[in-house]
Colleague: 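I'd like to ask some things about the structure below.
Numbers here simply count residues along the sequence, with the first being 1. Hydrogens, waters and symmetry mates are skipped; everything else that's a heavy atom, side chains included, is used.
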Amino acid sequence: MMKIVVTGAGAVLGQGIIKSLKSASLPIHIIALDPNALSAGLHWTDDARLIPMATDPDYISRIEAILDEVRPDAVLVGTDVELALFAQKRAEWEARFNTHILVSAADVIEIADDKYQTAQFLEAHGLSNPQSVRAEDSAALEQLIDSIGFPLIVKPRRGARAVGVSKVHNRTELDEALRGRQDLVVQQMAGEDDQEYTAGVLFFDDKVQASIVLRRDLRDGNTYRAYSGDFPDYEKYVHDLAHALKPYGPTNFQFRVDAHGVPRLFEINARFSGTTPMRALFGFNEVELCLRKLILGEDIAPPTIRHGTVIRFLEEQFLNHGQIASVRRP
């Protein structure tokens, strides 16, 4: 029986990891972690523990206490805010607790977290991307407007789920989107809404082990419909991205395709992603594939993808007071 710790049981990402684990064909004992006893993912697993917020001074010691007690076979990180902490501690904790921590190196996480650094990384490696400038660089911004015109995309350098993202069609809208805000990037529009794609890539041993590209529809910054298909040119593109970035394990690439058929990456998630359980429904259970690689030592064989559409919907769950109280506290 594999013992797997999953953090972020209250987050879309953490819950997606748990769903993928529960649909895997492996015997798995899941230990879910989250700061809030009302987080849904805590009530889907064999064991659930409360932990402090990642910004709390006691966070590290609490994680270490759980790893020392549980001695899990692997730890899967379910929120963005925890990635840098686990990257910093990965080598120490893997040796100390005899576990696998599936997290990329700190520099990879930093490139993925900062949209401007993402653009610079792509430019440096000759990979197609939306032209991007820092909003405070007025000369570069004027040059961008002169060279490609409107519409443009304004977004925070660090953010998720399209929060704070604006599409501007003229200088008045641009000025309004920039007013009173800092740490923004202004980008060329990568493509139309119906040409958005999300890709999952597994990268181990300095090569892409498996990948899947899906076209998707967004709602409130999240994928709510995903479509499989044959996209060989886009598969090659995400393979080139992964070989340049060199993550450890799972990475999510999001891009749009312009009117000339050129894919332009606008976001990297150096981790599993919100679409991880949707990919599992297509037959690409990246969580299971990673565990088979890390724990069982199996080679990753590219799975057979089912062709069709995956739709996402809301779901409800009742908890009685006993269930809430049963979540283990420090």
Colleague: Could you verify whether a donor N or O on one side chain and an acceptor N or O on the other, from Ser25 and Glu288, lie under 3.5 Å apart?
Modeller: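 Yes, because at least one side-chain N or O of Ser25 sits under 3.5 Å from a partner of the opposite role on Glu288.
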Colleague: Would you find a donor on one side and an acceptor on the other, under 3.5 Å apart, between the side chain of Asp46 and the backbone of Ile30?
Modeller: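 Checked: pair present.
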Colleague: Say you draw a straight line from CZ of Arg181 to OG of Ser166; how long is it, rounded to the nearest 0.5 Å?
Modeller: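 Interatomic distance, Arg181 CZ to Ser166 OG, rounded to 0.5 Å: 5.5 Å.
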Colleague: Counting heavy atoms not belonging to His321, are there more than 12 under 6.0 Å from its NE2?
Modeller: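 Not buried by this count: 12 neighbours or fewer within 6.0 Å.
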Colleague: Donor-acceptor pair, Lys246 side chain versus His243 backbone, under 3.5 Å?
Modeller: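 Indeed, once roles are kept as given, a pair shorter than 3.5 Å links the two residues.
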Colleague: Can you find a heavy atom in the side chain of Leu296 that is under 4.5 Å from one in the side chain of Leu26?
Modeller: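 Yes, their side chains come closer than 4.5 Å.
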Colleague: Can you tell me if Thr223 and Arg216 form a side-chain donor-acceptor pair at under 3.5 Å?
Modeller: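 There is such a pair (donor and acceptor under 3.5 Å, judged by atom type) between the side chains of Thr223 and Arg216.
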Colleague: Honestly curious: do Ile305 and Leu289 fall in one hydrophobic cluster under the side-chain, below-4.5 Å linking rule?
Modeller: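 The answer is yes; both residues are in one hydrophobic cluster.
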Colleague: State, to 0.1 Å, how close Ala32 and Thr45 come at their nearest heavy-atom pair, and which atoms those are.
Modeller: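 Heavy atoms only, the tightest pair is CB-OG1, 3.5 Å.
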Colleague: Taking atom CD of Gln182 as the centre, report whether more than 12 heavy atoms of other residues, nucleotides or ligands fall under 6.0 Å from it.
Modeller: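 No, the 6.0 Å shell around CD holds no more than 12 heavy atoms from other groups.
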Colleague: Specify the closest pair of heavy atoms between Ala40 and Gln317, including all atoms of both residues, with the distance to one decimal.
Modeller: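 The answer is O-OE1, 4.4 Å.
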Colleague: When you measure from the centre of the six-membered ring of Tyr116, is the NZ or CZ of Arg134 under 6.0 Å away and within 45° of the axis?
Modeller: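 Yes, a cation-pi geometry.
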Colleague: Between Ile4 and Ile17, does a side chain to side chain contact (heavy atoms under 4.5 Å, CB included) hold up when you go through it step by step?
Modeller: CA-CA 11 Å; Ile4 309 299; Ile17 293 171; over 6 Å; no
Colleague: Do Glu92 and Glu64 touch side chain to side chain, with heavy atoms closer than 4.5 Å?
Modeller: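 Side chain of Glu92 against side chain of Glu64, heavy atoms only: contact under 4.5 Å found.
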Colleague: Would a single hydrophobic cluster contain both Ile18 and Leu42, if residues Ile, Leu, Val, Met, Phe, Trp and Tyr are joined by side-chain heavy-atom contacts under 4.5 Å?
Modeller: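 Per the 4.5 Å side-chain linkage, Leu42 and Ile18 are not co-clustered.
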Colleague: With a 4.5 Å limit on heavy-atom distance, are the side chains of Lys3 and Ile31 in contact?
Modeller: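 Side-chain contact under 4.5 Å: yes.
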Colleague: Hey, could you give me the CG/CD distance between Leu291 and Glu298, rounded to the nearest 0.5 Å?
Modeller: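 Separation between the atoms: 10.5 Å.
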Colleague: Are any non-hydrogen side-chain atoms of Leu202 and Cys290 less than 4.5 angstrom apart?
Modeller: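 Yes, their side chains come closer than 4.5 Å.
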Colleague: Compare all side-chain heavy atoms of Ile153 with those of Pro130 and state whether any distance is below 4.5 angstrom.
Modeller: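 In short, these two side chains do not touch, never coming nearer than 4.5 Å.
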Colleague: Determine, using ring centers only, whether Phe204 and Tyr248 are less than 6.0 Å apart.
Modeller: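 Between Tyr248 and Phe204, the centre distance is under 6.0 Å.
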Colleague: Linking I/L/V/M/F/W/Y whenever any side-chain heavy atoms sit under 4.5 Å apart, do Met189 and Val154 land together?
Modeller: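 Unlinked, Met189 and Val154 end up in two clusters.
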Colleague: Could you pull out the closest heavy-atom pair between Thr275 and Asn252, with the gap in Å?
Modeller: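 Looking at all heavy atoms of both residues, the shortest contact is OG1-ND2, 4.4 Å.
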Colleague: Dump the intermediate steps for side chain to side chain contact (heavy atoms under 4.5 Å, CB included) on Arg71 and Thr99, then the final yes or no.
Modeller: CA-CA 7 Å; Arg71 297 284 167 158; Thr99 189; over 6 Å; no
Colleague: Are Arg157 and Ser132 close enough that a side-chain donor and a side-chain acceptor fall under 3.5 Å?
Modeller: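 Ser132 and Arg157 do not have a side-chain donor-acceptor pair below 3.5 Å.
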Colleague: Ile268, Tyr237: one ILVMFWY side-chain cluster at the under-4.5 Å cut-off?
Modeller: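 Yes, Ile268 connects to Tyr237 through the hydrophobic network.
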Colleague: Would you say Asp56 has more than 12 foreign heavy atoms packed within less than 6.0 Å of its CG?
Modeller: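 Yes, CG of Asp56 has more than 12 neighbouring heavy atoms, counting only those of other groups under 6.0 Å.
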Colleague: Please give me the minimum heavy-atom distance between Val238 and Phe253, naming the atom from each residue.
Modeller: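 Looking at all heavy atoms of both residues, the closest pair is O-CE1, 3.9 Å.
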Colleague: Checking Val81 against Thr55 for the side chain to side chain contact (heavy atoms under 4.5 Å, CB included) test, could you report, in this order, the C-alpha distance in whole Å, the side-chain angles of both residues, the deciding distance, and whether it holds?
Modeller: CA-CA 8 Å; Val81 295; Thr55 54; over 6 Å; no
Colleague: Answer yes or no: is there a side-chain heavy-atom contact under 4.5 Å between Arg328 and Asp47?
Modeller: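 A side-chain contact exists here, since the closest heavy-atom pair is under 4.5 Å.
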Colleague: Short question: side chain of Arg306, backbone of Leu281 - any donor-acceptor pair under 3.5 Å?
Modeller: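 The answer is yes, because a donor-acceptor pair under 3.5 Å joins these two groups.
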Colleague: Output yes when a side-chain donor or acceptor of Asn129 lies under 3.5 Å from a complementary backbone atom of Leu127, and no otherwise.
Modeller: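 It does hold such a pair.
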Colleague: Give a yes or no on this: more than 12 heavy atoms of other residues, nucleotides or ligands lie within 6.0 Å of atom CD of Glu136.
Modeller: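 More than 12 within 6.0 Å, yes.
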Colleague: Taking all non-hydrogen atoms of both residues into account, name the closest pair between Pro303 and Phe284 and its distance.
Modeller: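 What the structure gives for the nearest pair is CG-CD1, 3.5 Å.
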Colleague: Any idea how His125 and Phe121 line up, ring-wise: parallel (<30°), tilted (30 to 60°), or perpendicular (>60°)?
Modeller: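 His125 vs Phe121 ring planes: tilted.
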Colleague: Considering residues, nucleotides and ligands other than Asp146, do more than 12 of their heavy atoms fall under 6.0 Å from its CG?
Modeller: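 Enclosed.
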Colleague: Taking side chain as C-beta onward, heavy atoms only, is Glu173 less than 4.5 Å from Phe150?
Modeller: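 No. Closest side-chain heavy atoms not under 4.5 Å.
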Colleague: Would you call Leu241 and Leu122 a side-chain contact if the rule is heavy atoms closer than 4.5 Å?
Modeller: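 Yes; the side chains approach each other to less than 4.5 Å.
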Colleague: Test your reading of the model: is there a side-chain donor-acceptor pair from Asp34 to the backbone of Asn36, 3.5 Å cut-off?
Modeller: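 At least one qualifying donor-acceptor pair exists.
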Colleague: For the CZ atom of Arg312 and the CZ atom of Arg225, what is their distance to the nearest 0.5 Å?
Modeller: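 The CZ atom of Arg312 sits 12.5 Å away from the CZ atom of Arg225.
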Colleague: For the backbone of Tyr227 and the side chain of Thr309, can you confirm whether one donor and one acceptor N or O come within less than 3.5 Å of each other?
Modeller: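 Not confirmed, Thr309 side chain does not pair with Tyr227 backbone.
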Colleague: To the nearest 0.5 angstrom, please state how far the CG atom of Leu174 sits from the CZ atom of Arg179.
Modeller: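 It comes to 10.0 Å.
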Colleague: Other residues, nucleotides and ligands only: do more than 12 of their heavy atoms fall within 6.0 Å of NZ on Lys207?
Modeller: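 For Lys207, atom NZ is not crowded (no more than 12 foreign heavy atoms under 6.0 Å).
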Colleague: In terms of the angle between their ring planes, are Tyr197 and Phe255 parallel, tilted or perpendicular, with boundaries placed at 30° and 60°?
Modeller: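 Ring orientation, 0 to 90° scale: parallel.
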Colleague: So which heavy atom on Val168 is nearest to which on Ala177, and how close?
Modeller: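 Distance-wise, the nearest heavy atoms are CG1-CB, 3.9 Å.
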Colleague: Are Arg171 and Asp175 within salt-bridge range, i.e. N to O under 4.0 Å?
Modeller: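 No, Arg171 and Asp175 are not salt-bridged.
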Colleague: Side chains of Ser20 and Arg279: donor-acceptor distance under 3.5 Å anywhere?
Modeller: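 Arg279 and Ser20 do not have a side-chain donor-acceptor pair below 3.5 Å.
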Colleague: Charged N to carboxylate O under 4.0 angstrom, Asp80 versus Arg271?
Modeller: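 Salt bridge present between Asp80 and Arg271.
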Colleague: So does Glu142 have more than 12 non-hydrogen atoms from other groups sitting under 6.0 Å from CD?
Modeller: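 Yes, because the 6.0 Å sphere around CD of Glu142 holds more than 12 heavy atoms from other groups.
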Colleague: Do the side chain of Arg256 and the main chain of Gly191 share a donor and acceptor less than 3.5 angstrom apart?
Modeller: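 Pair found, side chain donor or acceptor close to backbone of Gly191.
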Colleague: Kindly work out whether a path of hydrophobic side-chain contacts (I/L/V/M/F/W/Y, heavy atoms less than 4.5 Å apart) joins Ile51 to Trp93.
Modeller: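 In one cluster with Ile51: Trp93, yes.
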Colleague: CE/Met278 to OH/Tyr224 distance, rounded to the nearest 0.5 angstrom?
Modeller: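 OH of Tyr224 is found 10.5 Å from CE of Met278.
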Colleague: Would you find more than 12 non-hydrogen atoms of other residues, nucleotides or ligands less than 6.0 Å from Gln143 atom CD?
Modeller: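 Result for CD/Gln143: open.
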Colleague: Mind checking the CG-CD spacing from Leu218 to Gln254? Nearest 0.5 Å is all I need.
Modeller: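 If I round to the nearest 0.5 Å, the distance is 7.5 Å.
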Colleague: Are any side-chain N or O atoms of Gln323 and backbone N or O atoms of Asn320, one a donor and one an acceptor, separated by less than 3.5 Å?
Modeller: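 Confirmed, Gln323 side chain pairs with Asn320 backbone.
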Colleague: With no hydrogens and no angle check, is any side-chain donor or acceptor of Lys22 less than 3.5 Å from a backbone partner on Trp44?
Modeller: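 Side chain of Lys22 to backbone of Trp44, a donor-acceptor pair under 3.5 Å: yes, one is there.
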Colleague: Exactly one of Val327, Val5, Val70 should register a side-chain contact (heavy atoms from CB on, under 4.5 Å) with Arg49. Which one does?
Modeller: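 Single side-chain contact (heavy atoms from CB on, under 4.5 Å) partner of Arg49 among Val327, Val5, Val70: Val70.
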Colleague: Could you walk me through whether Ile63 and Leu33 pass the side chain to side chain contact (heavy atoms under 4.5 Å, CB included) test, one step at a time?
Modeller: CA-CA 9 Å; Ile63 293 295; Leu33 311 181; 3.9 Å; yes
Colleague: Give a yes or no on whether the backbone of Ala37 and the side-chain of His43 come within a donor-acceptor separation of less than 3.5 Å.
Modeller: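 Side chain of His43 to backbone of Ala37: a pair is present.
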